Amino acid sequence: MTEKEVEKQGREIAEIYMKEFREGRIQRKTWYKLAYLGRKFGKNLPKVREILNLPLLLKKTKNGTVSQGPVAFEDIDKAIRTYWSQKDVDAFLNGEDITLKNLTSFSKNHEREYNAARKRHGGFGKVLESIYPSLYNQLSLRVLPNEIDEKELADIFIKRYYSGLPISYSALHNSKDREERMLVNKVLALSRRNSIIPRDERYVKTLAKLTNLPKEVIATPPRKTTQIGFLGEELTHFFLEWASLIGNLPDCFTNADIYSGRSNATKFIFLGDNKYSDLRIGDSQPIEVKTGYSKSTTSQKEFKIFLDKYSQGVWETSEPLENCVLVYHRRDTPDKSQLAEMNNRGMSFMGFSDFHPLFRETVEEIKLSYANEIEDIKPRIHSLDYIVELHEEVSLRTAVLMRSGIHDRLRYSRELARAFAKRAQELRNVS
Amino acid sequence: MSLEEILGGRVEKTEHGELLIVEKPVEELGFNGLTTYIQENRELTLNQIKKRFPQVRTKKGLVFFDVESCGFGRSNPAIAIIYTRLYPEIVSKCLFARNYSEEEAMIGSCVGGVNREDNIFFSYNGLSFDLDLLSNRAIQNGIMLNSSGVTTLKQVLSKRHIDLYQEVMKSPSIRKKGLLNYKLKTVEGELFNHVRLGDISGKRIGEEYRKYIYGRDIKGNPVEDNTEQIKRIVRHGILDTISLAGIFCYLCRNK
């Protein structure tokens, strides 16, 4: 049919549309009427709107005011180039150590542009490739079930499990490493073959079937991450007490009384809220400990919170927080810019590679010089080498201690660290 | 005195850590009625044994084992693995985890023996408890039972494991005796006239172990040194395995 016939048929709908336009909201049924009109006469909705000369409303989005209607390619291009700058993309594709934001976050932050690219421009991958060639393949974690070698995947997971690397959904899904995130998607791709399994159980059940590992070692028990975090703090406390006693405390720590746990001694105030530092040394030094898979300070948002808290906070006793030390019992470290920022604010960082040798030295010294003083410590320990191995395990193979069947050893280890720290405190008070 | 001195054992360093090993010939153990029976009845030919247990290949490969743990659930840590060999001499060996960190070493040191094809393992109710427990504890501690990926002890041992509890229940000569139940103590008392004096009950093992490690009871009250109880746990485990050896000898000679 002709455009004149569309115009004739659509006049009534156009009047309703304009009335609603003046009111600031076009009702859904009006859109449906226009779309139906379009279909009836072989025209699409934008074309019918054009024929009837109907203006588009403006609407506010998180990316500014936009007009309702199809998103132009230029807008999609602009959104992509703003989200991923040319400089960052070039660095990423050249293999430099830079983390780009992922596709999921783009789809959430630029929903209109993402959906428009998907539906109207041949797919988001195609659009991204036309702007930044090779980037989509690098960022995409999509996997099809027929691309997966099940035996190879099972071997990878079994090897990871037996070497103490994480295999749980939460650890892999939140990993900074792309290959680890891909592992999750591969398992989920396999799980889609069997839609009878409830969605939240798919990963565990599919992986259990693939590897023959029991389900209880795949899923992370609740509150385990918190327990691991506490163990990290207790081991740090152990080290600080004994190192102070022995005299090999690193320079970044003050040699003074040490307070731990949630108490008035570790309470400080930041922006009117009560916060607690993991440890406190003396009058003013807070210690923040991060262990295993605890929430990292390496994301920009988390890091800023950490910096502000520990540079602007005030102890309950009104002294300012000074010379905070961030201790990491984990594989990763903050990046160079974050370390520089910490330095500027008078904070220090101690990672596993610096901490562990000192920890080992301290334990060796305890064996040599304090064997009598620790003989009656409970819980019993028959070889202090265990404590050194424990520190390595909690930092590099945290997944082992997260297993539900290792609960007794975890509890034992925590109590052991506390008992040793207490003994060192007693010895320090005596001397 | 250290635990190894009290128990008369030695500490060995393994690839998975340290472990306490207590090794005793049966004469030192003093289970008189039981050991007399075994010594009088262990002279069996391989054919006699194979008639009853066809899967046995060599007399030296007979291993009677038991596991002591902190409780009946599979997720409870194992604290001792005890095994007794009948030939050429009756020797009992107990691998004991002096604390929770030594469980890995204890289980790891069994893997070699488990995979030796000549070894036939005998347990009491192992199909329902011991094998599952050890398999689960091996997985939790990251120990591979063999190189074929993730397997259970049942799969690894397959026909090389014999559950004497099931054999006892099937045995017409034992059934004729009209026992109240087929618990090991009951069978042992009936067949060998052996009464366990001063033995620690299985239910208390976990509790005594925890007391030993933490120096306090479940309510938090400090306890005196209970190393004697640990000695009784080891003795209990060894007695269980010697009892299995006795039942084996009985079944080879009777239907």
Side-chain angles (χ1 to χ4, degrees), chain A residues 150-165 167 207-218 221 371 375-390 393 397 399-419, chain B residues 2-4 11-13 16-20 69-71 73-79 96-105 107-108 132-133 135-145 147-152 155 206 209-216 220 222-227 230:
Chain A
E150 287 190 34
K151 188 171 180 320
E152 192 189 327
L153 186 63
D155 285 344
I156 291 172
F157 272 102
I158 290 170
K159 234 184 229 171
R160 286 184 66 92
Y161 177 79
Y162 280 103
S163 47
L165 294 175
I167 59 168
L207 192 54
K209 196 173 168 195
L210 191 67
T211 58
N212 285 331
L213 287 168
K215 281 180 265 182
E216 57 260 29
V217 304
I218 298 171
E375 212 176 18
D376 64 336
I377 282 185
K378 297 285 190 316
R380 291 181 196 256
I381 176 89
H382 298 87
S383 166
L384 286 186
D385 290 340
Y386 171 66
I387 301 185
V388 178
E389 285 159 17
L390 177 67
E393 191 175 45
R397 297 189 307 277
V400 177
L401 288 164
M402 302 269 261
R403 295 170 191 163
S404 56
I406 303 295
H407 175 75
D408 287 276
R409 180 157 75 83
L410 176 59
R411 195 175 57 165
Y412 162 77
S413 303
R414 285 193 57 199
E415 196 161 325
L416 193 67
R418 286 199 299 268
Chain B
S2 65
L3 187 63
E4 45 269 35
V11 173
E12 262 185 25
K13 272 191 160 57
H16 297 281
E18 282 188 0
L19 178 60
L20 172 60
S69 68
C70 286
R74 286 186 329 162
S75 58
N76 283 302
I79 57 179
F96 189 81
R98 294 172 298 170
N99 57 61
Y100 294 106
S101 67
E102 294 187 355
E103 187 193 18
E104 186 185 339
I107 295 173
D132 281 343
L133 173 78
S135 302
N136 189 276
R137 296 314 302 168
I139 288 178
Q140 295 282 357
N141 281 286
I143 293 168
M144 269 195 157
L145 292 172
S147 52
S148 316
V150 183
T151 52
T152 62
Q155 288 166 324
Y209 186 72
R210 275 186 283 273
K211 276 187 197 170
Y212 167 74
I213 304 267
Y214 288 103
R216 62 174 192 269
V223 295
E224 291 290 325
D225 185 16
N226 72 334
T227 319
I230 301 298

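Chain A is the first sequence line, chain B the second, and so forth, proteins listed ahead of strands; every chain is numbered from 1. Remember, predicted model here, so these are calculated numbers, not experimental data.
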Counting C-beta onward and ignoring hydrogens, is there a side-chain heavy-atom pair between A:Thr211 and A:Leu153 closer than 4.5 Å? no

So what's closer than 4.5 Å to chain B heavy atoms on A:Ser404: side chain, backbone, both or neither? both

Tell me, do A:Leu213 and A:Leu207 make a side-chain contact under 4.5 Å, heavy atoms counted? no

Given that the side chain runs from C-beta out, which part of A:Glu389 has a heavy atom under 4.5 Å from chain B: side chain, backbone, both or neither? neither

Under 4.5 Å from any heavy atom of chain B - which part of A:Ile158: side chain

So, the part of A:Tyr161 with a heavy atom under 4.5 Å from chain B: the answer is side chain

Do you know which of B:Ser101, B:Ser2, B:Ser75 has the most heavy-atom pairs with chain A at a distance under 4.5 angstrom? B:Ser101

With a 4.5 angstrom heavy-atom cut-off, could you sort out which part of B:Asn136 is near chain A: side chain, backbone, both or neither? side chain

Would you say the side-chain atoms of A:Ser413 and A:Tyr386 include a donor-acceptor pair closer than 3.5 Å? yes

Check whether A:Arg160 reaches the backbone of A:Ile167 with its side chain - one donor and one acceptor, N or O, closer than 3.5 Å. no

If I measure from the heavy atoms of chain A, does B:Leu20 come under 4.5 Å with its side chain, its backbone, both, or neither? neither

Quick one: which of B:Leu3, B:Ile143, B:Asn76, B:Val11 has the most heavy-atom pairs under 4.5 Å with chain A, could you say? B:Ile143

Check: A:Arg380 side chain, B:Gly215 main-chain N or O, donor-acceptor pair, under 3.5 Å: no

Checking heavy atoms, do the side chain of B:Glu103, its backbone, both or neither come under 4.5 Å from chain A? neither

Salt-bridge present (A:Asp155, A:Lys159; N to O < 4.0 Å): no

Side chain to side chain, B:Tyr100 and B:Arg210, heavy atoms closer than 4.5 Å: yes

